[in-house]
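Working notes for the structure below.
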2 protein chains.
Amino acid sequence: MSTATKAVIRTGRKFEQVLQGARQVFMTDGYEGASVDDIAKAAGVSKATLYSYFPDKRLLFMEVARSECDRQAYETAEPTDFNAPPRDILRLLGRKTLEIITSEFSQRIFRICVGESERFPELGREFYQTGPLEGRRRLSEYLRRSCARGELQIEDFDLAADQFIELCRVDIFPRVILGVDTEFSQAEIDRVVDGAVDMFMARYGT
Amino acid sequence: MSTATKAVIRTGRKFEQVLQGARQVFMTDGYEGASVDDIAKAAGVSKATLYSYFPDKRLLFMEVARSECDRQAYETAEPTDFNAPPRDILRLLGRKTLEIITSEFSQRIFRICVGESERFPELGREFYQTGPLEGRRRLSEYLRRSCARGELQIEDFDLAADQFIELCRVDIFPRVILGVDTEFSQAEIDRVVDGAVDMFMARYGT
DNA sequence: ATGAAACTGAACCGATCAGTTTATAGTCGC
DNA sequence: GCGACTATAAACTGATCGGTTCAGTTTCAT
């Protein structure tokens, strides 16, 4: 998987070093903002070495961005006890969702994917699948089981899952992504999450 | 308001021309992507003239971006007959919301505000206020009146307004902003809007 | 120890870009 | 017609950046 890019990539001792430096610089400076010299410096590697591994800046960026998209899918996976009542589960998942949204890492990768989705169309797609779509898949799965248990009554599971996640981002997400605020009080979080749970249960509770 | 920036900006015959050219180029190419030469050409003006009006590229951009933020507030204002039943009103407002979100103009300005909110922190704030906050204010106002009429029962009007708007963006917004899709069938739109109205009424209906 | 492959550092190339300058020319009131 | 103002095209400056080249050094398997 990591060498999926048409065998462009040579082997060598410092390969991982280059990738690590690129990751760091790209994630903080974006594609245009990052200079290859900076990346080489951050990686502790000469520019010639860098260019012996990757044919150009574009491909280096894509390799980094794609691996970061994958990372978010794995990082956000977390085992949960699904035997509690739906209200409790949802409140938990809501808090977790907000944690992810407001995390430094998610903000950065989202910002980069939005910013570069015109220059790198596959990138937006990749992020959509490993992010929102994966989140929906997991929640949808839970909703299905909870419904089978008779705790909820849902017709369109994907819609319901998306709705809940969206409800958890109320006001917080725009503020984060537009740089208005970066941190939020527990009261703010509770207001949104509890509001989401109340609304969800009013609609789909039995 | 338009000359709020420390009186840096001169007046003159071609002032509006410059602004118009800058608007066009910045909105399609972003801040970094736009070259001053391109802007001067698009404005039909010499670079020297451009620089006689604006001291540098940054200020020119900020003037454009701020005026575009204001524009979105005015463009999205539209008189509506608020005497119909809430379900109908909400369905209408939901469709309108989706129209705005999927419009070329909103996408561009949102993308630019997100992308440049680190370089221009005031920009993110400005967009947040003329966009999400203004949308909330209007809907919240309606909800208040509708509640007074006994059609709805709401405790936190701002929260309820944000929730409804957020519900209307379900799945559509991420796909738009990540460049996964640009157009949506009426069926997709109806599914989301009707889902939002159903949920909202289940929670706040009397 | 040797030889090939990997790596270094620095110089270099061509291009782009923000911003300045200069020399020229149109346009106004008076 | 004259002087003050405004505009223009084009050349120029200084800096940055992506990418290349190359002479010399390090690493490492044999």
Side-chain angles (χ1 to χ4, degrees), chain A residues 2-3 5-65 112 115-116 118-120 123, chain B residues 3 5-66 112 115-116 118-120 123:
Chain A
S2 61
T3 57
T5 32
K6 310 169 220 151
V8 184
I9 294 153
R10 254 186 48 234
T11 49
R13 319 198 307 273
K14 310 218 164 176
F15 179 82
E16 207 49 52
Q17 241 181 82
V18 172
L19 223 56
Q20 176 50 41
R23 198 163 7 239
Q24 180 198 309
V25 177
F26 276 135
M27 290 295 277
T28 57
D29 295 353
Y31 180 75
E32 285 279 17
S35 85
V36 178
D37 294 83
D38 284 353
I39 293 172
K41 196 166 293 179
V45 143
S46 78
K47 210 158 55 139
T49 302
L50 186 154
Y51 274 105
S52 83
Y53 285 122
F54 296 92
D56 60 20
K57 193 186 177 187
R58 273 188 69 91
L59 247 75
L60 177 54
F61 176 76
M62 278 183 48
E63 191 64 23
V64 167
I112 283 182
E116 307 300 343
E118 287 179 293
R119 205 193 316 264
F120 302 91
L123 185 54
Chain B
T3 55
T5 32
K6 311 167 217 151
V8 183
I9 294 154
R10 248 191 52 234
T11 47
R13 314 204 309 275
K14 309 224 164 176
F15 178 83
E16 207 50 52
Q17 236 181 88
V18 172
L19 220 58
Q20 177 51 39
R23 196 158 13 235
Q24 181 197 310
V25 177
F26 275 135
M27 289 296 276
T28 58
D29 296 353
Y31 180 74
E32 285 278 17
S35 85
V36 177
D37 292 85
D38 284 352
I39 293 173
K41 195 167 293 181
V45 142
S46 79
K47 212 157 58 134
T49 302
L50 185 154
Y51 273 104
S52 82
Y53 286 119
F54 296 93
D56 61 17
K57 192 187 176 186
R58 274 188 68 93
L59 247 75
L60 177 54
F61 176 77
M62 278 184 47
E63 192 64 22
V64 167
R66 233 165 11 95
I112 283 181
E116 307 300 343
E118 285 179 293
R119 204 194 316 265
F120 302 91
L123 185 55

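Within every chain, numbering begins at 1; the chains are lettered A, B, ... in the order of the sequence lines, protein sequences first and strands thereafter. Both backbone and side-chain heavy atoms feed into the values below; hydrogens, waters and symmetry mates do not.
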A:Phe61 vs A:Lys57 side-chain heavy atoms within contact, under 4.5 Å = no
Whole Å only: how far is the CZ atom of A:Phe15 from the P atom of C:dA6?
-> 14 Å
Within the side chain of B:Asp56, is there an N or O that forms a donor-acceptor pair under 3.5 Å with the backbone of B:Leu59?
-> yes
Between C:dT8 (C1') and A:Tyr53 (OH): distance, integer Å = 13 Å
Go along nucleotides 16-27 of chain D 5' to 3' and tag each nucleotide: B for a protein heavy atom under 4.0 Å from its base, S when only backbone or sugar atoms are that close, - otherwise.
-> -SBBBBB----S
With A:Ile39 as reference, evaluate A:Val64, A:Leu19, A:Leu50 under the side-chain contact (heavy atoms from CB on, under 4.5 Å) test and give the passing residue.
-> A:Leu50
What residues form a salt bridge (charged side-chain N to carboxylate O under 4.0 Å, His left out) with A:Lys14, not counting sequence neighbours?
-> none
A:Ile39 CD1 - C:dT8 C1' separation (whole Å) = 18 Å
Between D:dA7 (C1') and B:Glu16 (CD): distance, integer Å | 18 Å
Which pair of non-hydrogen atoms, one from A:Ile112 and one from A:Met27, has the smallest distance, and what is that distance?
-> CD1-CA, 3.6 Å
Determine the minimum heavy-atom distance between B:Val45 and B:Thr49, stating which atoms define it.
-> CG1-CB, 3.6 Å
Do the side-chain N or O atoms of B:Ser46 get closer than 4.0 angstrom to the phosphate oxygens (OP1, OP2) of D:dT8?
-> yes
Separation of atom NZ in B:Lys41 from atom P in D:dT8, rounded to whole Å = 14 Å
